[in-house]
Amino acid sequence: MKILMVCLGNICRSPLAEGIMQHKITASGLDWQVDSAGTGAWHVGEQPDSRSIATARQHGIDITRQRARQLKPHDLDRFDLVLAMDSQNYRDILGLATTKAQEDKVLLIMNFVAPDRNQAVPDPYWNDNGFEQVFEMLEAACGMVVEKFKVGV
Ligand code: 4NP
């Protein structure tokens, strides 16, 4: 399983999602890969936001080695699951898809927790207090992704 986490800037939400999923992959001994990307290019090459780094660290997860990159059309071939944080990300990702197979890989991450509710992981960039809530939402969603796709672990 190759999973790509996608948000707008690739500095707040999707780096947390990548870090949480990598933590679960390692803890479960799964032969999976995870990466993250942003639909926008503003922060390419940057470390995650210091508030995401701090929130992850409080939960024992180090995301300091991540660097932001922009989503590319080729990602829709390289990954099996492309998980969007909100409906704007979802639409922007689908805008790069050219085949039904690519479109079918794109899902809203919170639908693993609350199916068909199309709930957003709120963008915490402008809200210093939002990062812990984002962490908890992504922790729940990543747990459900592991439960759904792990085989024989
Ligand atoms: P993210 O948050 O999409 O969770 O990484 C944002 C980061 C930066 C900006 C917006 C959202 N920005 O406008 O620069």
Side-chain angles (χ1 to χ4, degrees), residues 1-26 32-98 102-146 148-149:
M1 182 68 72
K2 296 194 179 97
I3 301 171
L4 185 65
M5 305 295 192
V6 180
C7 63
L8 178 62
N10 193 208
I11 56 167
C12 295
R13 291 166 293 176
S14 60
L16 279 174
E18 178 185 339
I20 291 165
M21 184 58 79
Q22 184 60 60
H23 193 73
K24 291 187 183 298
I25 289 170
T26 304
W32 291 9
Q33 293 175 25
V34 64
D35 191 10
S36 63
T39 57
W42 305 282
H43 298 282
V44 167
E46 292 179 18
Q47 262 197 334
D49 187 285
S50 59
R51 298 164 295 177
S52 283
I53 290 175
T55 302
R57 184 176 289 137
Q58 282 162 15
H59 292 271
I61 297 174
D62 178 11
I63 62 169
T64 58
R65 285 186 296 278
Q66 294 185 31
R67 295 295 179 273
R69 72 175 184 86
Q70 189 175 22
L71 180 70
K72 299 280 181 293
H74 182 51
D75 288 319
L76 296 172
D77 294 321
R78 288 175 51 216
F79 290 90
D80 304 306
L81 275 182
V82 180
L83 301 182
M85 300 296 128
D86 64 33
S87 58
Q88 182 65 56
N89 308 147
Y90 180 81
R91 285 192 295 273
D92 290 342
I93 301 164
L94 284 185
L96 296 179
T98 52
Q102 291 177 338
E103 288 176 1
D104 288 346
K105 298 174 179 182
V106 185
L107 302 168
L108 273 170
I109 191 167
M110 289 313 295
N111 278 346
F112 283 92
V113 176
D116 303 322
R117 295 253 312 267
N118 296 337
Q119 195 181 353
V121 179
D123 185 346
Y125 189 65
W126 306 106
N127 173 13
D128 281 345
N129 300 319
F131 285 79
E132 178 60 27
Q133 184 201 356
V134 164
F135 185 96
E136 288 169 14
M137 293 178 82
L138 291 172
E139 168 81 18
C142 290
M144 295 300 283
V145 172
V146 169
K148 179 154 183 170
F149 293 106

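Both counts, for ligands and for their atoms, begin at 1 and track the order of listing.
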| said: Heavy atoms only, cut-off 4.0 Å: how does D123 contact ligand 1, side chain, backbone, both, or neither? | reply: side chain
| message | Among all the protein's non-hydrogen atoms, which is closest to atom 1 (P) of ligand 1, and how far away is it? | response | C7 SG, 3.5 Å
| request: Determine whether the side chain, the backbone, both or neither of W42 has a heavy atom under 4.0 Å from any heavy atom of ligand 1. | output: neither
| field | For L8, the ligand 1 atoms whose distance to one of its heavy atoms is below 4.0 Å | value | 3 (O), 10 (C), 11 (C)
| message | Distance alone, cut at 3.5 Å: any donor-acceptor contact between the side chains of T39 and N89? | response | no
Show me the donor-acceptor pairs, under 3.5 Å and distance only, between side chains in residues 115-123 and residues at least two apart or in other chains.
from	atom 1	to	atom 2	distance (Å)
N118	OD1	N111	ND2	2.9
D123	OD1	Y125	N	3.0

| query | Which atoms of ligand 1 sit under 4.0 Å from any heavy atom of G9? | reply | 1 (P), 3 (O), 5 (O)
| request: Could you see which bit of N10 sits under 4.0 Å from ligand 1, with heavy atoms only: side chain, backbone, both or neither? | output: backbone
| Is the closest N or O pair between H43 and ligand 1 shorter than 3.5 Å? | yes
| Quick one: which ligand 1 atoms are inside 4.0 Å of a heavy atom on I11? | 5 (O), 7 (C), 8 (C)
| request: Say whether, by atom type as modelled, one donor and one acceptor occur between the side chain of E46 and the main chain of A68 under 3.5 angstrom. | output: no
| task | Could you list which atoms of ligand 1 come closer than 4.0 Å to a heavy atom of C12? | result | 1 (P), 2 (O), 4 (O), 5 (O)
| said: Is it the case that the side chain of K105 and the backbone of F79 share a donor-acceptor pair, with hydrogens and angles ignored and the cut-off at 3.5 Å? | reply: yes
| task | Write out the residue and atom name of the closest protein heavy atom to atom 13 (O) of ligand 1, then the distance separating them to 0.1 Å. | result | Y125 CE2, 4.1 Å
| Taking the inter-plane angle between the rings of H59 and F135 on a 0 to 90° scale, is it parallel (under 30°), tilted (30 to 60°) or perpendicular (over 60°)? | parallel
| Q47/R67 under side chain to side chain contact (heavy atoms under 4.5 Å, CB included): CA gap, chis, key distance, verdict | CA-CA 5 Å; Q47 262 197 334; R67 295 295 179 273; 3.2 Å; yes
| request: Determine, stepwise, if the pair E18 / S14 fulfils side-chain hydrogen bond (donor to acceptor under 3.5 Å, both in side chains). | output: CA-CA 6 Å; E18 178 185 339; S14 60; over 6 Å; no
